[in-house]
Amino acid sequence: MQHELIDVVFRSQKRRDLLLLLGEKPRTMEEIKTLLDVSPTAILPQIKRLTDSDLVIQKNGSYELTDMGKIVFKKVQSLVNVLILLERDNYLIEHDLSGIPQYLLDRIGDLKGCKLIEADPSQIFEPRTELLNFFSSSRFLMVFSSFYRPEFLPLYTKLGRLESEVTLIFTESVLEKFLYNYEKKIRKLSTMKNTELFVYNDEVKLAELMVSDHGMMISLFDSNGRFYHNYMSCSEPEAVNWAKELFEFYKSRAWKIDSEKSIDNFVCTVESEAFPESMLLSLH
């Protein structure tokens with residue numbers, strides 16, 4: 001009688017660990033014993049359950065996943081990654097995820113290596129020196145911000161002068177504040193050959209996103225639309241790639257400021273409160 005695959009995969013921690021291990025590459029019995037820290041007596045029954053279920057096959061002295069085993073592995077790995085992420089803290093549970101498109105929500109487990117960085121209440125209005133230092137020598141930097149962060153402006157300028165690739169997306173209100181207080185610097189940024197500047201709808205549900213070759217950080221609004229200066233940060237390639245895709249999602253829906261004339265047009269639309277249709281694109 002065919003075993004129920006759900007029971008086979010999830011009822012035993014040893015079987016699940018073995019499935020995930022073999023998902024990396026075929027392993028000999030010696031490798032399995034060493035990497036899972038188990039005895040042959042303990043692991044052989046679990047191998048038999050997986051082989052009887054056509055998920056694992058023994059071949060050339062090693063154990064490896066069958067084609068069906070590889071399919072199951074990808075699904076199990078995705079679920080395990082999500083559980084690891086959610087068990088670490090409640091940040092994603094307690095915050096609004098509507099600013100993340102569904103195809104990236106389906107891969108939210110890619111952020112499993114992220115750590116929650118909580119702001120010190122006594123320093124929430126001071127420059128985020130840890131982020132400035134972290135991103136200060138980046139070869140590329142992607143920033144989405146719906147918050148006015150003037151302390152980051154020297155970082156953007158510095159990287160631009162070092163010929164790092166810098167791409168900035170500000171919401172309408174944030175860009176308006178930058179232009180009001182630092183118009184010359186923003187105009188300079190908009191004309192630098194290695195810097196791109198975009199503007200996005202104020203109604204966006206994402207607080208902040210920064211991505212570079214060093215790592216990524218993301219800040220979300222809570223379920224009531226409030227922001228507490230906490231963020232998740234990670235340097236693992238899977239998280240960085242995930243964050244890049246999220247940034248590109250917003251970039252493709254933003255209006256590019258590619259010249260001083262574009263800035264003049266933006267200023268005019270701010271004054272008239274009539275933004276171009278391309279600036280009013282929402283997530284839907």
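Quick note: numbers below take in every heavy atom, side chains included, and nothing from hydrogens, waters or symmetry partners. Keep in mind the model is a prediction, meaning the values are calculated, not measured. Quick note: residue numbers are just sequence positions, from 1.
Placement of Ile100 and Leu116 within a single hydrophobic cluster is found when ILVMFWY residues are connected by side-chain heavy-atom separations under 4.5 Å, directly or transitively.
Here the straight-line distance linking atom CG of Leu209 with atom OH of Tyr231 works out to 13.5 Å at 0.5 Å rounding. If you take CZ on Arg139 and CG on Leu141, they are separated by 12.5 Å, rounding to the nearest 0.5 Å. Between the CG atom of Leu18 and the OG atom of Ser12 there is a distance of 9.0 Å, given to the nearest 0.5 Å. For the atom pair CG of Leu35 and OG1 of Thr28, the computed distance is 8.5 Å after rounding to the nearest 0.5 Å. If you take CG on Leu179 and NZ on Lys185, they are separated by 13.5 Å, rounding to the nearest 0.5 Å.
Residues Phe249 and Tyr103 meet the side-chain proximity criterion, which asks for heavy atoms closer than 4.5 Å. With contacts defined as side-chain heavy-atom distances shorter than 4.5 Å, the pair Arg107/Glu238 does not qualify. Considering only heavy atoms from C-beta on, Phe170 comes within 4.5 Å of Leu197 through its side chain. At a threshold of 4.5 Å between non-hydrogen side-chain atoms, the residues Ile57 and Glu64 count as touching.
Taking the six-membered ring for Trp and thresholds of 30 and 60 degrees, Tyr182 and Phe178 have ring planes inclined between 30 and 60 degrees apart. Using cut-offs of 30° and 60° for the angle between ring planes, the Tyr200 and Phe144 rings count as perpendicular.
Residues Arg49 and Gln46 have side chains that never bring a donor and an acceptor to within less than 3.5 angstrom of each other.
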field: Intermediate values then yes/no, side-chain hydrogen bond (donor to acceptor under 3.5 Å, both in side chains), Asn241 and Glu245
entry: CA-CA 6 Å; Asn241 289 334; Glu245 290 187 48; over 6 Å; no
